Amino acid sequence: MNLDEQPASTDRKGLLAETLVHRILTMQLEPGAVLDEVALSEEFGLSRPPVRELMRQMAGEGYVDLEANRAARVSVMSYQTLRDFLIVAPMIYVGTTKLAALNHNAGDLAVLKHTQRKFRQSIADGDVESRVIFNHQFHLNIGRMAHNPYLLPSLKKLLIDHARIGKIFYRQNGGPRIQKDQETAALQHDQMIDAIEGRDAERAGEVVRAHLEVFRSDVALYAVPSGMQGELEG
């Protein structure tokens, strides 16, 4: 699915898929929100069967929760979601970034650099939604550059909640520290690109680990009560 700016698919089912992904990642559709198949069918000029099929597909990818005899809902989030993310993310992000350094090709690198330019522009513009989308796309591009069919599905699932956690935090916080951390994150993206381009897997892994620590410390300001801090460090 192409998340760069506006949905690009010309077929109606593809357009629906890209639009739902964008709405979920940017929290236009909140976690737990009901997905009205009738309304979506009418909005995109589709019959119900392809919409149901898409709901099943998106459930498999982690965007949607499905239960018997109930409407599809945007996948839920909780403190357990946050805890699980913070525990597992370093393993998956470091693994994919190190493999990207070893396995990428020139075309992969050009795409990554283009996405980074978009990410930096979104920071300069103060555009929170675009920042979330292009950060998501940056790390997804790295996952694809790893060329590993086992790690990519796990990374994709993590990236859904990475985007949503980030959007929750950044839309409610600002100030000098957050601006500084955004600039640090952009610099770390540049450092990842340099390490990947130089095929320095160890350096790439070190940078992405530090990158995740910035994200973790920012989110902890808002989302983690002081009594949970020790638990989340386990």
Side-chain angles (χ1 to χ4, degrees), residues 3 25-27 77 79 81-101 112-113 115-143 145-146 151 154-198 200-226 228-234:
L3 296 178
L25 294 180
T26 60
M27 300 285 284
M77 291 176 62
Y79 276 115
T81 303
L82 177 59
R83 185 178 191 277
D84 290 343
F85 175 89
L86 293 174
I87 290 170
V88 174
M91 306 176 197
I92 303 300
Y93 282 62
V94 170
T96 54
T97 306
K98 290 173 74 172
L99 283 174
L112 188 64
K113 289 178 177 180
T115 304
Q116 172 65 350
R117 288 193 292 271
K118 294 285 191 178
F119 178 73
R120 278 195 169 279
Q121 188 61 52
S122 70
I123 293 174
D125 294 342
D127 186 340
V128 172
E129 185 169 300
S130 291
R131 187 190 322 148
V132 168
I133 288 295
F134 290 120
N135 185 68
H136 178 278
Q137 190 67 53
F138 181 86
H139 291 288
L140 179 58
N141 288 342
I142 289 177
M145 292 165 72
L151 281 175
S154 297
L155 177 67
K156 286 181 174 179
K157 178 64 174 72
L158 282 169
L159 284 172
I160 296 169
D161 288 334
H162 190 160
R164 298 193 297 174
I165 292 166
K167 182 62 185 295
I168 290 170
F169 174 73
Y170 288 118
R171 73 183 179 186
Q172 299 191 45
N173 292 272
R177 167 172 174 165
I178 300 309
Q179 182 60 37
K180 180 181 178 182
D181 285 352
Q182 290 174 28
E183 293 166 0
T184 299
L187 175 61
Q188 288 169 333
H189 280 193
D190 290 335
Q191 292 170 342
M192 282 179 234
I193 291 172
D194 289 343
I196 290 169
E197 188 168 20
D200 187 341
E202 292 306 313
R203 176 59 179 156
E206 290 170 4
V207 175
V208 77
R209 190 180 294 278
H211 185 62
L212 285 169
E213 184 56 31
V214 172
F215 179 78
R216 180 191 183 283
S217 62
D218 278 347
V219 172
L221 288 175
Y222 169 71
V224 184
S226 58
M228 292 184 66
Q229 189 67 39
E231 178 185 356
L232 287 173
E233 289 173 352

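Everything numeric here is computed off the predicted structure, so don't read it as measured data. Note that these values count all heavy atoms, side chains included, but never hydrogens, waters or copies made by symmetry.
- Nearest heavy-atom pair, Gly143 versus Leu155, reported as atom, atom and distance to 0.1 Å: CA-CD2, 3.4 Å.
- Of the possible polar contacts, one joining the Lys167 side chain to the Thr26 backbone as a donor-acceptor pair under 3.5 Å is found.
- Leu86 contributes atom CG, which lies 7.5 Å from atom CZ of Phe215 (distance to the nearest 0.5 angstrom).
- Evaluation of the side chain to side chain donor-acceptor pair (under 3.5 Å) rule for Thr184 yields no partner, not counting sequence neighbours.
- The CZ atom of Arg209 lies 12.5 Å from the CZ atom of Arg216; values are rounded to the nearest 0.5 Å.
- Counting all heavy atoms, side chain and backbone alike, Val207 lies closest to Met192 at CG1-CG, 3.7 Å.
- Remark: of the listed residues Lys113, Arg117, Arg120, Arg120 is the sole one forming a salt bridge (Lys or Arg N to Asp or Glu O under 4.0 Å) with Asp190.
- In this structure, CD1 in Ile142 is found 4.5 Å from OG1 in Thr97, a value given to the nearest 0.5 Å.
- For the pair Ile193 and Phe138, the minimum side-chain heavy-atom distance is below 4.5 Å.
- Annotation: side chain of His189 is not in contact with side chain of Thr115 (no heavy-atom distance under 4.5 Å).
- Residues Ile133 and Lys118 fail the side-chain proximity criterion, which asks for heavy atoms closer than 4.5 Å.
- A salt bridge is defined here as a Lys NZ or Arg NE, NH1 or NH2 lying under 4.0 Å from an Asp or Glu carboxylate O, and Glu206 with Arg203 meets this definition.
- If you check the side chains of His162 and Tyr93, you find a donor sitting under 3.5 Å from an acceptor.
- For the atom pair CE of Met77 and CZ of Arg164, the computed distance is 5.0 Å after rounding to the nearest 0.5 Å.
- Between the CG atom in Leu151 and the NZ atom in Lys156 there is a gap of 12.5 Å [rounded to 0.5 Å].
- The backbone N or O of Ala124 sits nowhere less than 3.5 Å from a side-chain atom of Gln182 that would complete a donor-acceptor pair.
- Rounded to the nearest 0.5 angstrom, Ser130 OG and Asn135 CG are separated by 12.0 Å.
- Side chains of Asp161 and Thr81: a donor-acceptor N/O pair is absent below 3.5 angstrom, by distance only.
- In this structure, the side chains of Arg131 and Val128 come closer than 4.5 Å at one or more pairs of heavy atoms.
- For Ala89 against Leu158, the heavy-atom pair with the smallest separation is CA-CD1, 3.9 Å.
- Across all non-hydrogen atoms, the minimal contact from Ala146 to Leu99 is CB-CB, 3.6 Å.
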